[in-house]
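Presented below is the structure to which this report refers.
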Amino acid sequence: MKADPAGRVLDVIDGLSMWGAWASALCIVSILGLIVAEVLSRNFFNVSLYFAWEFSAYLMGAAFLMGAAYALRAGAQIRVNVLLENLPKPLARMLDIFATICGVLIAAYLTWALGELTWLSYVRESRSPEKSEVLRWITQFPLALGSLLFTLQTIARLGRLLRGEPGDDSRLRIGQDIE
């Protein structure tokens, strides 16, 4: 059976969020590689890889924002449910919708701000003040892209709530919840 058009849009956003999760995992593996290379280089050759810590920081930011959309979809973000669990269901649903609308506004602003920052860095050809002098827009672009994915997933969450569906899918979580 075919999904309705809105359901197909939600599925596309979920697919993009999964792509962001894989990009996030790649960033984390890259950080591991840089740190291991730095440790080995210092211990065996007495040479520091000057770019390792700088690029690790860039990759950490990218990992955080590229994975945020998937974490939201999976319901893996830190959230205190004590209030929602103790309210009548209709009121809890309205509060969840209100909080998600606030989330959409905040995420959209973050996306706009990071997009603007990336664009200005590109136009001005801004470079890192570190020895690498990497063009800043290259390191800022994944942040803006991850923020866009998060904004889209927040909008999708709102759409699901308005359709009467759960906002997150706990089946997507990896590992165990801490109670």
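In this text the structure is predicted, and so the values were computed from the model without any measurement.
Rounded to the nearest 0.5 angstrom, Asp11 CG and Arg8 CZ are separated by 9.0 Å. The CD1 atom of Ile101 lies 8.0 Å from the CG atom of Leu105; values are rounded to the nearest 0.5 Å. The line from CD of Glu130 to CH2 of Trp53 is 13.5 Å long, rounded to the nearest 0.5 Å. Note that CD of Gln140 and CG of Leu135 are 10.0 Å apart. Values are rounded to the nearest 0.5 Å. Considering CD1 of Ile13 and CG of Leu149, their distance stands at 10.0 Å, rounded to 0.5 Å. In this structure, the separation between CH2 on Trp112 and CG on Leu148 is 15.0 Å, given to the nearest 0.5 Å.
Closest approach of Leu91 and Leu87 over heavy atoms only: CD2-CD2, 3.8 Å. Of all heavy-atom pairs between Met66 and Pro142, the closest is SD-O, 3.4 Å. Residues Leu72 and Thr154 share a closest heavy-atom pair of CD2-OG1, 3.4 Å. Summarising the geometry of Leu65 relative to Leu143, their closest heavy-atom pair is CD1-O, 3.5 Å, with the distance given to 0.1 Å. Closest approach of Trp137 to Ser121, counting heavy atoms only: N-CB, 3.9 Å. The two residues Ala74 and Asp168 make their nearest non-hydrogen contact at C-CB, 4.0 Å.
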Name the atoms and distances for all side-chain donor-acceptor pairs under 3.5 Å in residues 55-64, with sequence neighbours left out.
{"unit_1": "Ser56", "atom_1": "OG", "unit_2": "Ala52", "atom_2": "O", "d": "2.7"}
{"unit_1": "Tyr58", "atom_1": "OH", "unit_2": "Glu54", "atom_2": "OE2", "d": "2.7"}
{"unit_1": "Tyr58", "atom_1": "OH", "unit_2": "Ser128", "atom_2": "OG", "d": "3.3"}

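Listed by chain and residue number, Thr111 satisfy the side-chain hydrogen bond (donor to acceptor under 3.5 Å, both in side chains) test with Ser147 (two or more places apart in sequence, or in another chain).
In this structure, the side chain of Ser41 engages the main chain of Val47 through a donor-acceptor pair within 3.5 Å. With hydrogens and angles disregarded, no donor-acceptor distance shorter than 3.5 Å links the side chain of Arg157 to the backbone of Val104. Proximity of a side-chain donor or acceptor of Glu133 to a complementary backbone N or O of Arg127 within less than 3.5 Å is not detected. For the pair Ser24 (side chain) and Gly20 (backbone), a donor-acceptor distance under 3.5 Å is absent.
Under the 4.5 Å side-chain heavy-atom criterion for grouping Ile, Leu, Val, Met, Phe, Trp and Tyr, Val9 is connected to Leu152 within one hydrophobic cluster. Using a 4.5 Å cut-off between side-chain heavy atoms of Ile, Leu, Val, Met, Phe, Trp and Tyr, with links allowed through other members, Phe98 and Leu162 fall into different hydrophobic clusters.
For the residue pair Ser17 and Arg73, no side-chain donor N or O sits within less than 3.5 Å of a side-chain acceptor on the partner.
Residues Leu110 and Thr151 are not in side-chain contact: their nearest non-hydrogen atoms beyond the backbone lie 4.5 Å or more apart. The side-chain heavy atoms of Pro129 and Arg136, taken from C-beta on, include a pair separated by under 4.5 Å. Tyr122 has its side chain within reach of Trp119: a pair of non-hydrogen atoms, C-beta onward, lies under 4.5 Å apart. Side-chain contact between Phe51 and Leu34 is present, with at least one heavy-atom pair separated by less than 4.5 Å. Asp14 has its side chain within reach of Gln153: a pair of non-hydrogen atoms, C-beta onward, lies under 4.5 Å apart.
Within a 6.0 Å radius of CG in Asn43, more than 12 heavy atoms belonging to other residues, nucleotides or ligands are found. Annotation: Tyr109, atom OH; neighbour count of heavy atoms from other residues, nucleotides and ligands within 6.0 Å does not exceed 12.
A salt bridge links Arg163 to Asp4: one of the charged nitrogens lies within less than 4.0 Å of a carboxylate oxygen.
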